[in-house]
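Structure, as structure tokens:
Nothing fancy with the numbering, it's 1 onward along the sequence.
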Amino acid sequence: MDTRHEVRDFLISRRARLSPEQAGLPAGGNRRVPGLRRSEVAALADVSVEYYAKLERGQLAGASDGVLDAIARALQLDDAEREHLFDLARAAGHAPPVVRRRTPRRWAVRPGLQQALDAITGGPAFVRNGRMDILATNPLGRAFYDHVLDGPGRGNLARFQFLDERSRDFYPEWDAAADVTVAILRTGAGRDPHDRRLHDLVGELSTLSDSFRLRWGAHNVRRHGAGTKLFHHHLVGDLTLTYEGLELTAEPGLSFLIYTADPGSDSQQRLDLLASWAASQPAADPAVTTDLNQ
């Protein structure tokens, strides 16, 4: 991805969404574009208009942490957006590394990691990478994500979201889930702008899905660590689940996610039913995707 274009589009999109009133400035008249003017952002960040214009053209290389913090405050960026801005600045300050091409290795779940997954029996648990490939699951996770693993998604949550019509049943709040999916991919692109497989995935989804392409152009980013989601599983019905996400220290870039239901709730009873169904199925390979670099 062209880092300069990413920087430019991200800053312009953040500036366009912030009104003068939100920034504590008089609205004024004759505004030809939504949001703040470049001069207003520059004044709020205490930098010259010329310097801010240079940054917004994508020339972040050399910008100090203090300047980036000032820009983040001026644009009222949240924590995920601020981190994304710093990721883009790091990418802009370094030329892409020269790396020998290699044959993608087969990702293999470590025995200890699989044991940790299998030890979780009360809810779906799985490991994914920044491209949203599901790499390994516990048995309940495989049953929970069966349509993701065995359909057009090919084990990838973003493909399932935008290329498999069954996702609209699985996610009752489909639009909100789609926003989150794209924001996670956009965050990953900022952290590693030279990830060829992510580029390929974004190109594929942009070509095949108008919904994805529109959201990708919004440049929204997100931290995805904890929260509550609604699902409708084709075997057991509606589920309200709380999730927790943990970064794997031993394998940077991978996340360990766990879904649970409130004890005694209808959702817990339905998860228990799904777990019983999963236990009756033939054992499957816990590494649910292959030929993937982490």
Side-chain angles (χ1 to χ4, degrees), residues 1 3-25 27 33-47 52 55-58 60 63-93 128-132 157-158 161 171 173-193 195 198 202 211-212 214-230 242-247 252-253 255-257:
M1 298 179 186
T3 304
R4 285 195 175 190
H5 288 168
E6 291 295 308
V7 172
R8 181 196 65 197
D9 293 345
F10 177 66
L11 289 177
I12 289 175
S13 70
R14 301 309 92 174
R15 177 164 61 85
R17 72 173 185 180
L18 189 62
S19 69
E21 293 85 356
Q22 290 172 315
L25 299 172
V33 295
L36 297 181
R37 300 185 178 102
R38 287 194 186 94
S39 59
E40 291 168 332
V41 177
L44 290 168
D46 196 24
V47 298
Y52 177 73
L55 298 179
E56 199 173 272
R57 288 195 298 270
L60 282 186
S64 69
D65 288 356
V67 166
L68 295 176
D69 270 326
I71 298 300
R73 287 194 300 272
L75 293 174
Q76 298 183 18
L77 304 186
D78 63 22
D79 289 342
E81 292 166 332
R82 179 185 177 280
E83 183 177 332
H84 186 61
L85 178 62
F86 275 75
D87 285 339
L88 292 175
R90 280 191 289 272
R128 69 161 173 80
N129 60 19
R131 296 185 295 272
M132 302 198 76
L157 289 161
Q161 179 87 52
Y171 299 113
E173 298 178 340
W174 190 91
D175 286 321
D179 291 343
V180 169
T181 294
V182 177
I184 291 172
L185 291 180
R186 176 62 79 176
T187 302
R191 289 174 178 167
D192 186 1
D195 183 340
L198 178 54
V202 169
S211 295
F212 176 85
L214 178 66
R215 287 173 168 83
W216 186 255
H219 287 264
N220 293 326
V221 293
R222 176 187 175 94
R223 284 182 176 173
H224 195 64
T228 300
K229 288 186 178 181
L230 304 180
T242 298
Y243 66 90
E244 292 287 339
L246 309 171
E247 297 296 322
S255 298
F256 189 118
L257 291 103

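- Considering all non-hydrogen atoms of both residues, Glu56 and Leu11 come closest at CA-CD1, 3.9 Å.
- One finds no salt bridge joining Glu173 and Lys229 here, because no Lys/Arg side-chain nitrogen approaches an Asp/Glu carboxylate oxygen to under 4.0 Å.
- Between Arg14 and Asp78 there is no salt bridge, since none of the side-chain N atoms of the basic residue sits less than 4.0 Å from a carboxylate O of the acidic one.
- Two residues are said to be in side-chain contact when any heavy atoms from C-beta on lie closer than 4.5 Å; Leu44 and Leu25 meet this criterion.
- Judged by distance alone, with hydrogens and angles left aside, the side-chain atoms of Thr187 form a donor-acceptor pair with the main-chain N or O of Arg222 at under 3.5 Å.
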Run Asp175 and Arg215 through salt bridge (Lys or Arg N to Asp or Glu O under 4.0 Å) and show every step you take.
CA-CA 10 Å; Asp175 286 321; Arg215 287 173 168 83; 3.1 Å; yes
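- Nearest heavy-atom pair across Gly245 and Leu257 is CA-CG, 4.1 Å.
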Step-by-step salt bridge (Lys or Arg N to Asp or Glu O under 4.0 Å) determination, Glu81 to Arg17:
CA-CA 13 Å; Glu81 292 166 332; Arg17 72 173 185 180; 2.7 Å; yes
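- Between Ser255 and Leu246 the shortest side-chain heavy-atom distance does not fall below 4.5 Å.
- Leu198 places none of its side-chain heavy atoms less than 4.5 Å from the side chain of Arg191.
- The aromatic rings of His219 and Phe10 lie tilted to each other, with the angle between the two planes from 30° to 60°.
- Minimum interatomic distance between Leu55 and Leu60 (heavy atoms only, all atoms of both residues): CD2-CD2, 3.8 Å.
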Leu185 vs Trp216, test: side chain to side chain contact (heavy atoms under 4.5 Å, CB included). Steps then yes/no.
CA-CA 9 Å; Leu185 291 180; Trp216 186 255; 3.9 Å; yes
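- Judged by distance alone, with hydrogens and angles left aside, the side-chain atoms of Arg57 form no donor-acceptor pair with the main-chain N or O of Arg8 at under 3.5 Å.
- Here the shortest heavy-atom pairing between Gln161 and Tyr171 reads OE1-CE1, 3.4 Å.
- Closest heavy-atom contact between Ile71 and Ala45: CD1-CB, 3.6 Å.
- Using a 4.0 Å cut-off between charged nitrogen and carboxylate oxygen, Arg82 and Asp79 do not count as a salt-bridge pair.
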Could you walk me through whether Val182 and Asn220 pass the side chain to side chain contact (heavy atoms under 4.5 Å, CB included) test, one step at a time?
CA-CA 8 Å; Val182 177; Asn220 293 326; over 6 Å; no
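- Ala23 approaches Leu18 most closely through the heavy-atom pair CB-CD2, 4.3 Å.
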